[in-house]
Amino acid sequence: MPTRSSDILVIGGGVNGLACAARLAAKGRKVMLLEAADTVGGGAGAREFAPGYRAPALAHLTQGLDPRMAAGMDLVRHGLEFHPGLATTVLSGGDPLVVRGGTAEGPDSSAFAALHAKLSAFARVLAPFRQMTAPRLGAGNRWGGFLRHGLGVRALGRDDFRELLRMILINVHDVAEDELTDDRLKGLLAFDATLGAWLGPRSPNSLILYLDRLARGVDPLLPKGGMGALAVALGRAAEAAGVSLRTGARVAQVLVEGDRACGVALEGGEEVRAGLVVSAMNPRVTFQALVGAQALDAGFFKRTHHIRSRGGAAKLHLALKGAPGFAADLRSRLVIAASHDAVEAAFNPVKYGEVPEAPVMEVILPSAHEPGHAPEGGHVISAIVQFAPHAPKAGAEAAREAMLEASLRVLEAQAPGLRGLVVGAEMLMPYDIEDLFGMVGGNWHHGELAVEQMLFNRPMAEMAQYATPVPGLWLAGAGSHPGGGINGAAGWNAAGAILEARA
Amino acid sequence: MNDLTHFRSPLMRTPFHARTSAANLLNRWGPWGGYMTALCFGDMDMEYTAIRNAASVYDLCPMVKYRITGPDAAGYLNRLTLRDVARLAVGAVQYTAWVDDAGKLLDDGTLFRHGPDDYLICCQERHLPWLLDSALGFDVAVAEVTEDIAALSLQGPCSASALGAAGFDVSALKPFRMMTLPFQGGEITISRTGFTGDLGYELWMTPEQALPLWDHLFAAGAPFGIRPIGSDALDLARIEAGFIIAGTDFVPAHHALREDRPRSPLEMGLGWMIDWEKGPFTGRRALLAEKANKGRTGCCWAWTFRAMSALRGRSSITASGSKRGSSPPPPGRPR
């Protein structure tokens, strides 16, 4: 006998699902959240990949949580604390270079400060757009907010506004060439812009991703206790807001009756009914696997297949029996990218389904910040390695091995003797990430974050305002505006849209 | 067509061409769906009269045909078309239409159910990309079979008698039903369908059976005044019957260049065929919204008819002789 257990069902207990559910519950809606895994957190979870070694399952830093979510869910009260913002150490062939915010060592110190100040000013006026429902062509806009934010951009003044228009769609490689001379800084800029994207530094529009990153926050943050602790705090806060969390509940189907989403069927056959269904899942998964073609118009269903979702980031976990010999503070964020060209060179092979010889990567050692991640004396390396093919020509196994070998080679060059310390290794390729986290193509934004899939085109024009063509079905995941990155804005915005629609 | 000489004969010939060309005294041909098709064999008035008073034969081969097979075929067609396919029995035929997401007509046509999971769509326009897009998520096979099936339309009050004289007993065949009958060691399918509003049948066969069947039918039908007819005469009859043609009476949404050109089934007087209760189908939400808004329903039917006739050179209405581009007179019977 199907039961109507809540007003609103939220599918997917990642950051955005939790944010959405908590905001709805805090407004008095009866909300149940269904998560397939045994714990909530999604991409922000933790993972024991070798006996005694725990690594962040996928994301290992946040560039900043949505401040509305952090305050609205009172995450501090629920145990969330961050380590001080991480400095970045760029490792390349030459001397390491330490960067913190806009402050960099080396010959480009003032040039980088000026560039950082300029881009930060752009990011600051663009950031408010992240916190609103994307505008649409046609009726139904809240023009007030849009105009206010637009005036904010214009208030940059004529020269800066002109400069923003010149730069907003430019590629980051050109910016690096124009503004900097130090290859290490150029490499860092190029790396940070393309982290998690299916773009090389020379790809059109790559700078806008750097602006988006700055709009989320200046310095990367590591939660105390690891990313798992963030997941725990989000889960607790959601429960405190009144969300009923149900883990181990994998949704097999969104039920549509009388042209309205009315609940879900779980794997195993149980039906859970609700007045509204909110999917914080990947939009392609939502429509192709959960809703299905029958309930959707043919043209719309076809277009869901065109949501581009190629993932180029692999995740490397290494269990080390001792401290690696990086020429850097192990508590900093290590970026191994010799130059902007090195980033581009690492992107080239994946376009053809091949593994790069010298991948670029972002490395953190959670074990350097606090105990509990590795046995006494041991260390954990968590690295995002780019770029990895999502459909390798050589086959899944061979590509994973080649990627691990190439990554170890790159790491060994920066920390001689590192190989001898490795007691366990795990390489999650984009296809592994797809299997583990339901991210189509292994793209961790649940749809490529690129200028043509932003704002009113995210994930598709018909549902850029979180409502879908199926009445009663809403989207709330990273696949919607403004994207992912352990931030929560998409889920928080979606809840706002649902409340506003009194749906 | 791998020898790259297709441009030498831009219009294909139907399997009946040997007979239709021999009978075409005026040598009046027009293009239809990539085929040469007779507009008039000799006397349009006599051809029209055969439809209404005797037996007429129209070469139906250029009609576009798609075969839909597979376990999800019924579900697929229910989502594709406006009517309830679940109500279509094996051996039955449905006049139906399909629209895009915006609820604008793509085409109308007839849907034949040959078996539990075996359907044939006959229509005016080519739709393979749309049919394939619509097949995403369904376990069906969609095949274009236009060239694999030859067809004749036998229409007129004497058509059943002519068939009977040819050895095809169709006396038990009800409208919108079909049956399979033996013919010279093989089989042909006869459906009680047509495009004239008169008693009539459509005969479906392989291209190899085409000429023997033509000869057989004309020999047996001679006492009933059987006669080949061209598109001009058929157009008169179908306008009298109120039947519409995609591309003539409405612009299929995929062909429209102006955004106000596509027409919804509600605007085209086809609202009766929409089964709102059968479950989701492509365009349902848009059509519901149109119905709720009343839209432009009602006023466009006549307007479209006239505007189309003025704009389109091959409009049927101008067949009665008026200058194209002027306001056309209503279709008239032969004097």
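All values derive from a computational prediction rather than experimental measurement.
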Is the Phe287(A) to Phe300(A) ring centre distance short of 6.0 Å? yes
Do you know which of Arg284(B), Arg285(B), Glu277(B) has the most heavy-atom pairs with chain A at a distance under 4.5 angstrom? Arg285(B)
Winner by heavy-atom pair count (cut-off under 4.5 Å) against chain A, out of Gly283(B), Ala135(B), Ala286(B), Ala102(B): Gly283(B)
Any chance the rings of Trp32(B) and Tyr35(B) have centres within less than 6.0 Å? no
Please determine if Lys65(B) and Glu147(B) form a salt bridge, counting it only when a charged side-chain N lies under 4.0 Å from a carboxylate O. no
Answer with side chain, backbone, both or neither: which region of Asp100(B) has an atom nearer than 4.5 Å to a non-hydrogen atom of chain A? neither
Within the structure provided, determine whether Leu88(B) and Leu111(B) are in side-chain contact (heavy-atom separation under 4.5 Å). yes
